[in-house]
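Have a look at the structure below before the remarks.
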There are 2 protein chains.
Amino acid sequence: MRGRSDVLEPAILGLLHESPMHGYELRKRLNLVLGSFRALSYGSLYPCLKGLVERGWIVGLESTDSGHGVSKRARIVYQLTADGKEHLQQVLSSSGPSTWEDENFDVRFAFFAQTDAETRLRILEGRRTRLTERLETVRQSFARTRERMDEYTLELQRHGLEQVEREVRWLDGLIDNERGRRRVRPTGTGHPTDADSTAAVPQSTPARTTEKERG
Amino acid sequence: MRGRSDVLEPAILGLLHESPMHGYELRKRLNLVLGSFRALSYGSLYPCLKGLVERGWIVGLESTDSGHGVSKRARIVYQLTADGKEHLQQVLSSSGPSTWEDENFDVRFAFFAQTDAETRLRILEGRRTRLTERLETVRQSFARTRERMDEYTLELQRHGLEQVEREVRWLDGLIDNERGRRRVRPTGTGHPTDADSTAAVPQSTPARTTEKERG
DNA sequence: GTTAGCATGTAAGGAGTTACATGATTTT
DNA sequence: AAAATCATGTAACTCCTTACATGCTAAC
């Protein structure tokens with residue numbers, strides 16, 4: 001009944017740690033953080049917020065005014081409680097198998113700035129291992145069945161493998177970077193793009209884990 | 001209650017059109033066809049097969065022997081009925097908006113060998129348009145919010161955009177190919193791999209849509 | 001003879017979606 | 001004054017997973 005997502009909850013807590021927000025705004029930010037640009041629905045968001053309030057990790061405060069003068073319609077601005085902050089830090093310091101799964105990895109990565117260096121490295125390496133394992137399995141069944149497959153299926157498989165291989169190389173770059181070797185991102189054949197600027201990941205961003213407050 | 005997937009059903013029908021199979025085998029093949037290598041569970045597969053039988057699109061025949069002599073344990077080999085074949089052809093000739101969504105595209109592509117050329121082109125172009133639209137939206141919000149984002153979030157976004165850009169270029173190659181221009185796949189920086197062979201998509205595979213049988 | 005893999009299923013539940021319902025505020 | 005977009009929510013439903021239950025067959 002109540003949505004206890006393992007993806008949504010950390011994402012909401014992480015965003016609210018950066019700054020308090022109301023649901024509608026949260027949703028838009030969430031859509032960028034949550035993997036591949038999919039649109040989260042209110043039907044998931046609001047019940048999840050409700051659950052977080054019930055567990056005492058966030059509180060919702062009515063706000064008629066929101067800074068720039070004119071009184072807008074009443075909206076509920078959510079923010080972390082002391083318990084919520086503590087819980088978030090606990091979540092952010094975890095690095096078990098679930099963190100390197102497809103659904104969870106992106107969200108964890110999105111909040112790496114709030115994660116300590118060791119945990120970052122463990123997650124990146126776990127993710128890398130997971131992907132190379134998968135690569136092995138798929139390559140084998142690919143080799144076994146390639147004669148029986150038509151060319152479209154073949155192309156789909158080949159493309160899928162290539163995508164994962166690229167992902168592994170991306171992780172390699174990030175891991176090297178975390179270790180302080182400052183390897184340059186392999187831009188490869190990538191056409192120049194708005195997005196394709198010099199966004200190299202920092203050598204070591206000081207983790208904000210010490211910011212812990214208690215109520 | 002009964003699983004009426006829009007992804008699973010066409011995939012099953014498509015595979016059974018290639019050759020009759022029992023559930024266990026079907027699952028393994030399905031895992032390769034169904035996007036990104038995820039493992040489909042029996043809890044989805046068998047109820048879905050049941051539903052397909054109920055609607056008369058497939059039949060399950062007990063088989064104690066399976067070709068090479070020794071009598072194995074009883075398994076249920078499923079195959080398409082005449083109605084099922086008809087239905088499949090109808091599904092395969094559709095090219096509406098739903099076909100170029102993330103969840104559906106891969107499955108449709110996997111059965112392109114059974115799809116006529118016009119439909120193939122419409123799906124590829126629809127998919128391309130969908131992706132470039134998404135790219136535009138994300139690029140804009142990326143440009144608007146990049147100052148406020150930490151470097152990890154930035155890197156995640158950049159990587160996400162790059163992935164989609166690459167996907168668009170892949171589609172460009174396929175579209176050119178469908179039009180008979182036989183453009184060579186841009187191998188780029190891709191390391192040589194088992195998968196990275198000469199799997200160029202055919203110029204034009206004759207569609208088997210004329211194979212239609214009636215009961 | 002016991003582990004691993006083949007083979008078929010069911011029941012309960014999780015994580016989300018769509019569609020609905022409502023109303024305020026801003027823009028055209 | 002109409003249309004778009006902001007803002008919050010609920011109910012029903014979908015698709016899928018996990019865990020359970022069962023038993024056969026091959027390999028070590």
Side-chain angles (χ1 to χ4, degrees), chain A residues 1-12 21-31 34-36 38-54 60-78 97-98 101-104 107 137 141, chain B residues 1-12 21-31 34-36 38-54 60-78 97-98 101-104 107:
Chain A
M1 271 286 155
R2 59 140 84 87
R4 253 164 219 260
S5 169
D6 269 356
V7 180
L8 209 46
E9 280 187 6
I12 290 173
M21 258 176 278
H22 60 275
Y24 196 85
E25 199 187 342
L26 205 45
R27 182 193 180 234
K28 283 188 298 187
R29 304 270 267 109
L30 238 23
N31 286 338
L34 253 43
S36 24
R38 66 183 159 145
L40 176 79
S41 65
Y42 298 118
S44 315
L45 177 59
Y46 286 112
C48 186
L49 285 170
K50 206 173 164 185
L52 289 171
V53 170
E54 274 165 26
L61 303 171
E62 290 261 333
S63 147
T64 354
D65 182 81
S66 86
H68 62 82
V70 275
S71 78
K72 301 195 164 185
R73 94 157 269 202
R75 62 244 276 251
I76 299 163
V77 175
Y78 293 96
S98 75
E101 291 306 321
D102 290 329
E103 331 78 68
N104 303 316
V107 177
T137 318
S141 80
Chain B
M1 269 289 155
R2 62 140 86 86
R4 253 162 220 264
S5 170
D6 268 356
V7 180
L8 209 46
E9 279 187 8
I12 290 172
M21 257 177 279
H22 60 275
Y24 196 84
E25 199 186 343
L26 205 44
R27 183 195 179 231
K28 283 188 297 187
R29 302 272 267 109
L30 237 24
N31 286 339
L34 253 42
S36 25
R38 67 181 159 146
L40 176 79
S41 65
Y42 298 117
S44 315
L45 177 59
Y46 287 111
C48 187
L49 284 170
K50 205 173 165 183
L52 289 171
V53 170
E54 273 166 25
L61 303 171
E62 289 260 334
S63 146
T64 354
D65 182 80
S66 85
H68 62 83
V70 274
S71 80
K72 301 193 165 188
R73 92 157 271 198
R75 63 245 273 249
I76 300 164
V77 175
Y78 292 96
S98 74
E101 292 306 323
D102 290 329
E103 331 79 68
N104 303 316
V107 176

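Note on naming: letters A, B, ... go to the chains in the order of the sequence lines (proteins, then strands), and numbering restarts at 1 for each one. For the numbers below, each heavy atom of this structure counts, side chains included, while hydrogens, waters and symmetry mates do not.
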Between A/Ser44 and C/dA15, is there a contact of a side-chain N or O with OP1 or OP2 at under 4.0 Å?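 Checking A/Ser44 against C/dA15: no side-chain N or O falls below 4.0 Å of OP1 or OP2.
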Rounded interatomic separation in angstrom, taking [atom1] from [X] and [atom2] from [N]:
| X | N | atom1 | atom2 | answer |
| --- | --- | --- | --- | --- |
| B/Met21 | C/dT8 | CE | C1' | 17 Å |
| A/Tyr78 | D/dT8 | OH | C1' | 8 Å |
| B/Leu45 | C/dT8 | CG | C1' | 10 Å |
| B/Lys28 | C/dG5 | NZ | P | 11 Å |
| A/Leu40 | D/dT8 | CG | P | 14 Å |
| B/Glu103 | C/dT18 | CD | C1' | 14 Å |
| B/Leu49 | C/dA7 | CG | C1' | 13 Å |
| B/Glu25 | C/dA7 | CD | C1' | 12 Å |

How close do B/Pro47 and B/Gly43 get, counting heavy atoms only, and between which atoms?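 Smallest interatomic distance, heavy atoms only, reads CG-O, 3.2 Å.
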Residue [X], side-chain atoms from C-beta onward, closest of [options]:
| X | options | result |
| --- | --- | --- |
| B/Tyr24 | C/dT18, D/dT17, C/dC6 | C/dC6 |
| A/Ser41 | C/dA7, C/dT18, D/dC16 | C/dT18 |
| A/Tyr46 | D/dT8, C/dA7, D/dC16 | D/dT8 |
| B/Lys50 | C/dG9, D/dT10, C/dT10 | C/dT10 |

How long is the gap from CD1 on A/Ile76 to CG on A/Leu49, to the nearest 0.5 Å?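 With rounding to 0.5 Å, CD1 (A/Ile76) is 9.0 Å from CG (A/Leu49).
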Nearest 0.5 Å please: distance from the OH atom of A/Tyr78 over to the CE atom of A/Met21.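 Rounded to the nearest 0.5 Å, the OH-CE separation comes to 12.5 Å.
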Based on the rotation axes of five pairs at each end, what angle does the helix from C/dG1-D/dC28 to C/dT28-D/dA1 bend through, to 10°?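 Comparing the axis at each end, I get an angle of 40°.
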For B/Gly43, answer base if it contacts any base atom (sugar-phosphate contacts may also be present), sugar-phosphate if it contacts only those atoms, and nothing otherwise; contact means non-hydrogen atoms under 4.0 Å.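 The answer is base, as B/Gly43 lies within the cut-off (heavy atoms under 4.0 Å) of a base atom.
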Quick one, A/Ser98 and A/Asp6 - any side-chain contact, counting heavy atoms below 4.5 Å?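 No. Closest side-chain heavy atoms not under 4.5 Å.
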Mind checking side chain to side chain donor-acceptor pair (under 3.5 Å) for A/Glu103 and listing every partner two or more places apart, or none if nothing turns up?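 Listed in chain order: nothing, the list is empty.
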Is it the case that the side chain of B/Asn104 and the backbone of B/Val7 share a donor-acceptor pair, with hydrogens and angles ignored and the cut-off at 3.5 Å?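 No, B/Asn104 side chain to B/Val7 backbone: no donor-acceptor pair under 3.5 Å.
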For a side chain to side chain contact (heavy atoms under 4.5 Å, CB included) with A/Arg27, tell me which candidate from A/Leu45, A/Leu34, A/Ile12 qualifies.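 Result for side chain to side chain contact (heavy atoms under 4.5 Å, CB included) with A/Arg27: A/Leu45.
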